[in-house]
Amino acid sequence: MKTATGTRENIRVIEEYQSRGLRVEVLEYEKLLGISNPSMAQQVYFMEQQHIRVRQIALYLNNEKVTIEKGSMSYFQGDIKMVSGVTIGNALGRFVRGAVTGEQTAQPEYSGTGLLVLEPSFKHFLVLELADRESIIIDDGMFYCSQGSVTVQTISQRTISSAIAGGESFFQQQLTGPGIVILESMVPMAEIDIIDLYNDTLKVDGNFAVLRSSSLDFTVERSAKTLIGSAVSGEGLVNVYRGTGQVWLAPTIKVYKTLETAQMMGLTSTKSMDMNTSQS
């Protein structure tokens with residue numbers, strides 16, 4: 001079978017995963033060699049020094065099926081067929097549900113045997129394999145691809161207040177295994193802290209939990225038992241996770257968002273900007 005790197009010399013495989021009939025490669029371009037504009041070349045040079053590089057996902061299917069984010073397909077080769085998942089019977093229901101939840105009417109499914117390469121991105125890719133019936137809830141916009149055996153569905157927060165006060169969307173995506181899941185992330189895995197809870201409680205000041213086990217109970221509460229205590233602590237409301245499972249925390253998300261805002265505003269310093277991750 002043709003490899004995703006092909007004849008290119010400036011690309012390498014940085015991660016590889018295998019699950020039944022699916023093999024996943026995370027590709028990274030070592031340099032962008034086609035830049036001819038000096039100003040752009042200078043910017044890209046400093047980006048490369050910070051390891052800001054273009055990455056791509058390559059999927060090798062062996063009589064397997066994958067579901068991908070709409071618009072993320074770059075090219076495919078082999079005996080692979082694409083279906084939308086929408087039929088005359090379910091089109092209206094999907095459209096109505098999508099209008100309410102923001103869920104896409106159809107996420108393309110590719111099945112068969114061959115090579116499927118997804119669109120390049122400057123973001124980071126997080127690859128994990130869910131066990132049978134293992135279920136996670138992910139942050140908005142993170143879903144990129146999943147093995148055909150993974151169930152992808154939109155769920156609602158248990159209470160509207162938890163969604164609004166917690167800085168989360170009322171509707172989120174739930175992924176249930178078994179199979180490989182690929183998420184697109186603003187931060188690399190190296191900056192994500194995986195917190196294991198065993199009949200325990202985790203309180204987070206801000207909405208920088210990018211993933212949590214579906215088994216956990218999520219609420220928004222005051223940081224202290226009293227209003228005076230919350231005022232003294234300066235924290236106000238916190239996101240609370242209870243039970244047994246995992247929470248993936250990415251505290252640097254707000255830092256990157258602050259830097260992006262400063263750049264858009266033409267500021268050379270973030271000194272005057274609020275770096276606090278709290279939404280309260």
Side-chain angles (χ1 to χ4, degrees), residues 1-9 11-29 54-91 93-95 97-98 103-121 123-138 141-155 172-185 189 211 213-214 246:
M1 183 188 296
K2 174 181 171 65
T3 63
T5 53
T7 59
R8 295 173 293 182
E9 299 178 355
I11 191 170
R12 63 191 180 99
V13 179
I14 59 173
E15 295 177 55
E16 189 172 354
Y17 304 86
Q18 177 81 44
S19 176
R20 298 186 300 279
L22 176 65
R23 180 161 62 92
V24 177
E25 288 181 348
V26 182
L27 310 174
E28 183 177 85
Y29 290 78
V54 177
R55 300 175 185 88
Q56 236 175 334
I57 294 293
L59 306 169
Y60 298 86
L61 283 65
N62 183 10
N63 194 27
E64 184 59 277
K65 181 174 73 171
V66 293
T67 301
I68 69 173
E69 181 70 3
K70 184 179 179 181
S72 63
M73 190 277 290
S74 181
Y75 64 92
F76 61 92
Q77 179 179 358
D79 185 19
I80 296 179
K81 296 181 181 180
M82 189 278 283
V83 294
S84 66
V86 177
T87 65
I88 295 177
N90 67 17
R94 286 188 176 226
F95 177 78
R97 186 168 67 249
E103 179 185 4
Q104 292 184 7
T105 303
Q107 287 177 310
E109 298 176 352
Y110 292 81
S111 61
T113 299
L115 168 65
L116 171 62
V117 181
L118 305 185
E119 291 285 353
S121 172
K123 289 187 177 181
H124 301 273
F125 293 110
L126 312 179
V127 184
L128 59 154
E129 184 172 3
L130 300 176
D132 186 26
R133 297 185 181 180
E134 181 180 8
S135 184
I136 60 174
I137 297 172
I138 60 175
M142 290 190 70
F143 177 80
Y144 198 65
C145 175
S146 68
Q147 199 163 2
S149 52
V150 175
T151 301
V152 182
Q153 61 185 133
T154 299
I155 62 169
Q172 294 180 305
Q173 279 188 306
Q174 178 174 277
L175 311 176
T176 305
I180 288 179
V181 171
I182 303 171
L183 308 177
E184 194 175 32
S185 172
M189 194 67 208
L211 179 156
S213 299
S214 299
Q246 285 188 343

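Residue indices begin at 1 and follow the sequence shown. For the numbers below, each heavy atom of this structure counts, side chains included, while hydrogens, waters and symmetry mates do not.
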Can you find a heavy atom in the side chain of [X] that is under 4.5 Å from one in the side chain of [Y]?
X: T67; Y: V150; result: no
X: L128; Y: L183; result: yes
X: I57; Y: V117; result: no
X: S146; Y: L175; result: no
X: L61; Y: V66; result: yes
X: V26; Y: V127; result: yes
X: I68; Y: Y144; result: no
X: L130; Y: I136; result: yes

From [X] [atom1] over to [Y] [atom2], what is the distance, rounded to the nearest 0.5 angstrom?
X: T5; Y: I11; atom1: OG1; atom2: CD1; answer: 7.0 Å
X: S213; Y: Q246; atom1: OG; atom2: CD; answer: 5.5 Å
X: D132; Y: E134; atom1: CG; atom2: CD; answer: 10.0 Å
X: F143; Y: E69; atom1: CZ; atom2: CD; answer: 6.5 Å
X: L126; Y: E15; atom1: CG; atom2: CD; answer: 8.5 Å
X: S185; Y: M142; atom1: OG; atom2: CE; answer: 4.5 Å

Side-chain donor/acceptor of [X] to backbone N/O of [Y], under 3.5 Å:
X: Q147; Y: I180; result: yes
X: T113; Y: N63; result: yes
X: Y60; Y: A4; result: yes
X: Q18; Y: R20; result: yes
X: S72; Y: L118; result: no

Which pair of heavy atoms, one from [X] and one from [Y], lies closest together, and at what distance?
X: C145; Y: L59; value: SG-CD1, 3.6 Å
X: E119; Y: G71; value: CG-O, 3.8 Å
X: Y75; Y: M73; value: N-SD, 3.2 Å
X: P108; Y: K70; value: CD-CA, 3.8 Å

Self-check item: Residues Y17, E25; criterion side-chain hydrogen bond (donor to acceptor under 3.5 Å, both in side chains); working and verdict
Solution: CA-CA 7 Å; Y17 304 86; E25 288 181 348; over 6 Å; no
Among all residues two or more places apart in sequence or in another chain, which pass the side chain to side chain contact (heavy atoms under 4.5 Å, CB included) test with [X]?
X: Q174; answer: S135, I137, Q153, I155, T176, S214
X: S121; answer: K123, F125, E184
X: E28; answer: R12, I14, H51, R53, R55

Self-check item: Donor on one side chain, acceptor on other, Q173 and T154, under 3.5 Å
Solution: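 Judged by distance alone, the side chains do not pair up.
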